[in-house]
Amino acid sequence: MIDLKDLREHPDKYRKGARLKNVAVDIDAVLQMDEKRSAAMREFETLRAQQNKASGEIARLKDPAEKKAAVARMQSLKQQVQAAQEQSREAESRLEPLLLSIPQPPDDDVPVGKDAADNLVMYRWGEPRQFAFTPRSHAELAQKHQLIDSDRGVRLAGSRSYFLVGKGAELHNAVLRLAMDLMTRQHGFTAINVPVLVRESAMRGTGFFPAGREQAYRVGEEHEAEDDVRFLTGTAEVGLTAFHMDEVLDEADLPRKYTAVSTCFRREAGTYGKDTAGVYRVHQFDKCEQVVICRNDVDESKQWHKTMLGYSEQLLQKLELPYRVIQCCTGDIGVKNAAMFDIETWMPSRFDGRDDASGYGETHSASRLYEFQARRLNLRYKDASGKIHFCHTLNNTVVASPRILIPILENYQNDDGSITVPQALQPYLGGCERIG
RNA sequence: GGAGAGGUGGCAGAGUGGUUGAAUGCGCCGGUUUCGAAAACCGGUUAACCGCAAGGUUACGGGAGUUCGAAUCUCCCCCUCUCCGCCA
């Protein structure tokens, strides 16, 4: 949710922001609606004030006849008040969806661009491995060692579904455990287990609705009342960020640092035929997420953004997987973000043999939202002087699996088809050093 | 799924039609006192919106209604808790 006052004062900022993000919104229509609402509200409040005043006077009248006359005089005012209230409410209810649809303008330091093709490569870590043999894809490796069973997954749950089996499941659990341990033990994040089945208000509050609604699974029968409907979350960001929804925190308790592993559900609507081999794009996966809720301070937000990005890099470095860090351009950061970094990890099977860029696949996404989510969630804090502010929120992937199994299997394969278990994961697999 | 109880300010808890945005207690903040602290005493302490201000409007789970006027009355919904049943 953007700041309505700011929209009134700087409409161009939002026009430009929407244009840079390739989002079609009619700012003028919003401003008109806002004007209409304000007028209706003032009208209603004036009338209501009159009514309240008269009511107080009636209460003080002792003489029954006088009282009766005064009450009779109020009849017509009552009609007017009701009509004005009706108008005011209608204007309000028409303004709200318009406001929800206005994207957060991208930050000044975000490169301008149309889509993912215009994203900026910031830097790389590690060198893509040169194979002395023809490397196998993760799908082949998984098949060979019976780590991932897509055939049975599809039979049971449809396309983009899978079973993780044996060491496949162990590897999956291992990376998530490693991620969780890193965030809690080393970086002081509080571990949380979040609901993945949430109300619409949580989805709207975190900015996944209304834009993006088609990506979420809706749970509930058709005949059920809207209030009984729940949605499966596509990330623990929802639970972690909405944890303090409608609360006023103490500034002294900020920043709040939370991490969670949760199962994530995504319809992947509009991606038919894309990334169908293996487990790159699936409907259900597990992810360790990090969320920071901090003071309303742009510099602090930017600082946290970098820091959180660093935590994820640290995880990839522990796994010794080559990656590159991308600054996403204005057209690729989505409606809710002010800025976004992606981390792409080297996946040999995606490499086309010519352009290195082809071999990197997205594994992480770090978002900086300023007060956009906090406004929608009504998530605030009180500063030392007692003033109330909206918090800032940020989030980033720590690790998502099975997608991360792709670079692990492919980068750690040996010429005989066996797979070396990354050192950092061996303790989580009972010391197992090699698969196959 | 069956039966019952309840939802009021940070918390506890009054309040059943009129100056109650809300008693009282706790907590919190400030002051007096003290070498300092505790205790005691005094004062302050919900938020959103409109307004330069004075001031005004809204909100007692949510919605609808009755009324000149609703925390208080009526209807619908939601949520929480207890007991029974079922269940990981």
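Per chain, numbering begins at 1; letters A, B, ... match sequence-line order.
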Is the phosphate of [N], meaning OP1 or OP2, less than 4.0 Å from a side-chain N or O of [X]?
| X | N | result |
| --- | --- | --- |
| A:Lys382 | B:A47 | yes |
| A:Arg73 | B:G69 | no |
| A:Gln75 | B:C68 | yes |
| A:Asn52 | B:U57 | yes |
| A:Arg48 | B:U58 | yes |

Whole-angstrom distance between [N] and [M], as gauged at atom [atom1]:
| N | M | atom1 | result |
| --- | --- | --- | --- |
| B:A12 | B:G51 | P | 36 Å |
| B:U34 | B:C41 | C1' | 14 Å |
| B:G62 | B:C78 | P | 15 Å |
| B:G61 | B:A70 | P | 15 Å |
| B:A14 | B:G7 | P | 9 Å |
| B:A64 | B:A59 | P | 11 Å |
| B:U24 | B:U74 | C1' | 31 Å |
| B:G6 | B:A54 | C1' | 43 Å |

Can you check the [X] [atom1] to [N] [atom2] distance for me, whole Å?
| X | N | atom1 | atom2 | result |
| --- | --- | --- | --- | --- |
| A:Lys67 | B:U67 | NZ | P | 17 Å |
| A:Arg375 | B:C49 | CZ | C1' | 13 Å |
| A:Leu7 | B:C49 | CG | P | 15 Å |
| A:Arg42 | B:G55 | CZ | P | 21 Å |
| A:Met41 | B:C49 | CE | P | 10 Å |
| A:Leu4 | B:C50 | CG | C1' | 12 Å |
| A:Lys78 | B:G65 | NZ | P | 10 Å |
| A:Glu45 | B:U57 | CD | P | 8 Å |

With RNA chain B as reference, determine whether A:Ile388 or A:Ala72 sits nearer its 5' end, using the nearest nucleotide of each. A:Ile388
Could you say whether A:Arg89 or A:Ala59 is positioned toward the 5' end of RNA chain B, judged by the nucleotide with the nearest heavy atom to each? A:Ala59
Side-chain heavy-atom pair A:Tyr280, A:Ile406 within 4.5 angstrom cut-off: yes
If we call it a pair only when both distances are under 3.5 Å in a Watson-Crick or G-U wobble match, what pairs with [N]?
| N | value |
| --- | --- |
| B:C86 | none |
| B:U66 | none |
| B:G36 | none |
| B:A14 | none |
| B:A54 | none |
| B:A5 | B:U80 |
| B:C28 | B:G44 |
| B:C60 | none |

Modelled atom types, side-chain donor and acceptor of A:Asn296 and A:Glu371, under 3.5 Å: yes
Between A:Ser367 and A:Lys336, do the side chains contain a donor N or O and an acceptor N or O under 3.5 Å apart? no
By the 4.0 Å heavy-atom rule, please label A:Arg37 as base, sugar-phosphate, or nothing. nothing
Looking at every strand, decide which applies to A:Lys53 at a 4.0 Å heavy-atom threshold: base, sugar-phosphate, or nothing. nothing
Of the candidate nucleotides B:G56, B:U67, B:C79, which contains the atom at the shortest distance from the side chain of A:Ala49? B:G56
Taking B:C68, B:U58, B:C50 as options, the one with an atom nearest any side-chain atom of A:Phe44 is B:U58
Heavy-atom closest pair (A:His283 atom, A:Arg267 atom, distance to 0.1 Å) is CE1-O, 2.8 Å
I'd like to know if [X] pairs up with [Y] as an ion pair, taking the criterion as any Lys NZ or Arg NE/NH1/NH2 lying under 4.0 Å from an Asp or Glu carboxylate oxygen.
| X | Y | result |
| --- | --- | --- |
| A:Lys302 | A:Asp299 | no |
| A:Glu289 | A:Lys287 | yes |
| A:Lys114 | A:Asp332 | no |

Take a 6.0 Å sphere around CZ of A:Arg152 and say whether it holds more than 12 heavy atoms from other residues, nucleotides or ligands. no
